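If you're wondering where the values come from, they're calculated on a predicted model, not measured in any experiment.
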Amino acid sequence: MSAAWLDQDSLHPSLRDPLLGSIGFLNEVMGRFPDAISFAPGAPHPDFLTEIDIQRYTGRFLTHLRDEGRTPAQAQRLLYEYGPGRGIINGVVRDALHRDHGIDVDPDAIVITVGAQEGMLLVLRALFRSGSDVLAVVDPCFVGMTGAARLLDIERLAIGETPAGIDLDTLATACRNARRAGRRIRACYVAPDFSNPGGSRMTLAARRELLALAVREDFYVLEDDAYAFTAPSDEQLPPLKALDEAGRVIHIGTFAKVCFPGARVGYVVADQRVGHDGKRLADELATIKTMVTVNTSPLCQAVIAGMLLEHGRSLLELSRRKSALYRRNLHHLIGALDTHLGDVRPDRVAWNRPHGGFFVRMRLPVPVDVDLLERSASKYGVLWTPMAQFYLGGGGERQLRLSCSYLDTDQIDTGVRRLADFVKEEVRA
């Protein structure tokens, strides 16, 4: 019996968008060139994965549940059942956010999600009711947010990025233009600390200005907090949610980088009031979640909570060693680029110098496409990520992204030497 044949045009049009296949494509290329040095994955360093003791962390959380008054049988059963859609570690996460960042919300204002990616999808589904609503995104933008919006048929508007984050003047103009056209900017997505892939960091003044603009123009700020932990302890800036006095910020976080990605645990802080019956936006997100993933794995939640509990309920303590390694790698990568490509004319090849996060952007004088990536991998043994997929408004066709998080310093040196050979010979820089 032959399989049924589907017309591509009968499926949702987002499935033809190259954006949706970008992450899978990079994994496929890495699989075909296992000996290449890969600057592609924005993944945690593998050494940290060897330290994870699932049983110990789960046991620590079970002890916490018993300390809260549950019997051993009740605590054990909580890990084996479906559990509430909102999550079972909300109190521990709330304590960490309050201790480290000054985010003061009730545990019920938090939803524990299947990674930050589900959190983005839930928030977009809840906020965007009308086809006249527009999502403003910093450009370049993390493909997880733009891809989720594409799946939901939400119009996305690219707002350029400056070294201090999203261009606030352009955003203000976009709000006015949308209003004149009978539309509205419903929400704006930003990653204020070392954005992926732009690498910018919003100043404290820019953060306050964005929040004031959100109040004036009546939009919500979707804050992605994936990379703030990589800042040195004496250079920490408050997240937007900690500065939010008007309830305009919906804070989206992940434990993929500070704990480990295989747990697939993230969270959303959504304390905004809905209606007049005491309901919060988090309640609505939890309801939507029951129709998407039902709940986040209680076992995975237990491991994450155990890690937090072992580190004094602190994300910063949990991530301190990781943060130091990622800063070391980033500085090493930039230094290696200076050493091996510093003699190249800057109008031909150039790169940015972020102070945190995982990524460096490089500009080349030729189109950075799939064919160029294949040549780089097969002939020179080095992989990277084309930047075009991160841009909604164009402009990334001659850029690539280098990630330093997954590598050791000797691998970075080898990779940059190969990259320099590739650039000087293939690009003729």
Side-chain angles (χ1 to χ4, degrees), residues 14 16-23 25-26 39-40 42 134-150 154-175 177-178 185 187-202 206 210 222 224 226-227 334 337 341 344-355 357-373 375-376 383-403 419 422-423 426-429:
S14 67
R16 295 193 296 275
D17 192 326
L19 178 69
L20 268 64
S22 57
I23 295 175
F25 167 75
L26 288 174
F39 290 105
V134 178
L135 172 68
V137 299
V138 65
D139 202 36
C141 184
F142 171 53
V143 296
M145 175 55 78
T146 52
R150 180 70 182 90
I154 294 170
E155 182 177 340
R156 303 154 297 170
L157 178 65
I159 306 293
E161 188 176 43
T162 74
I166 192 167
D167 188 326
L168 295 172
D169 290 337
T170 301
L171 178 59
T173 299
C175 290
N177 290 342
I185 303 295
C188 175
Y189 167 79
V190 294
D193 292 282
F194 317 121
S195 60
N196 174 16
S200 71
R201 192 182 200 202
M202 296 186 74
L210 173 60
L222 312 185
D224 185 347
Y227 300 99
I334 294 172
L337 292 171
L341 285 167
V344 176
R345 286 166 42 197
D347 62 325
R348 298 284 290 167
V349 177
W351 52 90
N352 68 335
R353 297 172 177 273
H355 297 289
F358 288 5
F359 311 106
V360 170
R361 285 184 295 152
M362 177 177 283
R363 176 175 50 79
L364 301 181
V366 297
V368 177
D369 54 20
V370 172
D371 290 339
L372 195 65
L373 177 58
R375 202 153 62 247
S376 175
L383 286 162
W384 33 263
T385 304
M387 280 285 292
Q389 63 190 336
F390 296 103
Y391 282 86
L392 285 179
E397 295 83 1
R398 295 185 174 223
Q399 296 181 34
L400 57 85
R401 188 193 75 177
L402 302 170
S403 174
L419 182 70
F422 156 72
V423 168
E426 295 290 330
V427 179
R428 290 182 171 84

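At least one side-chain heavy atom of Ile166 sits less than 4.5 Å from a side-chain heavy atom of Cys188. Within the 4.5 Å cutoff, the side chain of Tyr391 has heavy atoms near those of the Asp139 side chain. For the pair Glu426 and Arg375, the minimum side-chain heavy-atom distance is below 4.5 Å. Using a 4.5 Å heavy-atom threshold, the side chains of Leu372 and Leu400 count as separate. Two residues are said to be in side-chain contact when any heavy atoms from C-beta on lie closer than 4.5 Å; Trp384 and Leu373 meet this criterion. Two residues are said to be in side-chain contact when any heavy atoms from C-beta on lie closer than 4.5 Å; Arg201 and Pro192 fail this criterion.
Judged by distance alone, the side chain of Thr173 and the main-chain N or O of Asp169 form a donor-acceptor pair under 3.5 Å. Side-chain atoms of Asp167 never come within 3.5 Å of backbone atoms of Gly160 as a donor-acceptor pair (strictly under, hydrogens ignored). A donor-acceptor contact shorter than 3.5 Å is absent between the side chain of Gln389 and the backbone of Met387. Judged by distance alone, with hydrogens and angles left aside, the side-chain atoms of Arg401 form a donor-acceptor pair with the main-chain N or O of Ala40 at under 3.5 Å.
When all heavy atoms of Pro354 and Phe359 are compared, the pair lying nearest together is CG-O, 3.2 Å. The shortest heavy-atom contact between Asp193 and Tyr227 is O-CB, 3.6 Å. Of all the heavy atoms in Ala191 and Ser195, the pair that sits closest is O-CB, 3.6 Å. Nearest approach of Leu171 to Ile159, heavy atoms of both residues: N-CG2, 4.0 Å.
Summarising the geometry, atom CG belonging to Leu364 is positioned 9.5 Å from atom CZ belonging to Arg348; distances are rounded to the nearest 0.5 Å. Distance CG/Leu157 to CD1/Ile185: 5.0 Å, rounded to 0.5 Å. The CZ atom of Phe422 sits 10.5 Å away from the CG atom of Leu341 when rounded to the nearest 0.5 Å. Atom CZ of Phe194 and atom OG of Ser200 lie 9.5 Å apart (nearest 0.5 Å). Of the inter-residue distances, the one linking Asn196 atom CG with Met145 atom CE reads 12.5 Å to the nearest 0.5 angstrom. With values rounded to the nearest 0.5 angstrom, Phe390 atom CZ is found 9.0 Å from Thr146 atom OG1.
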- Check step by step if side-chain contact (heavy atoms from CB on, under 4.5 Å) holds for Leu210 and Met202. CA-CA 10 Å; Leu210 173 60; Met202 296 186 74; 4.0 Å; yes

- Task: Take Val360 and Asn352 through the side-chain contact (heavy atoms from CB on, under 4.5 Å) test and state the conclusion after the steps.
- Result: CA-CA 6 Å; Val360 170; Asn352 68 335; 3.5 Å; yes

- Query: Would Val349 and Met362 count as a side-chain contact (heavy atoms from CB on, under 4.5 Å) if you check the C-alpha gap in whole Å, the side-chain angles of each, and the deciding distance to 0.1 Å?
  - Reply: CA-CA 7 Å; Val349 177; Met362 177 177 283; 4.1 Å; yes

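Evaluation of the salt bridge (charged side-chain N to carboxylate O under 4.0 Å, His left out) test over residues 155-166, restricted to residues two or more places apart or in two chains, returns Glu155-Arg183.
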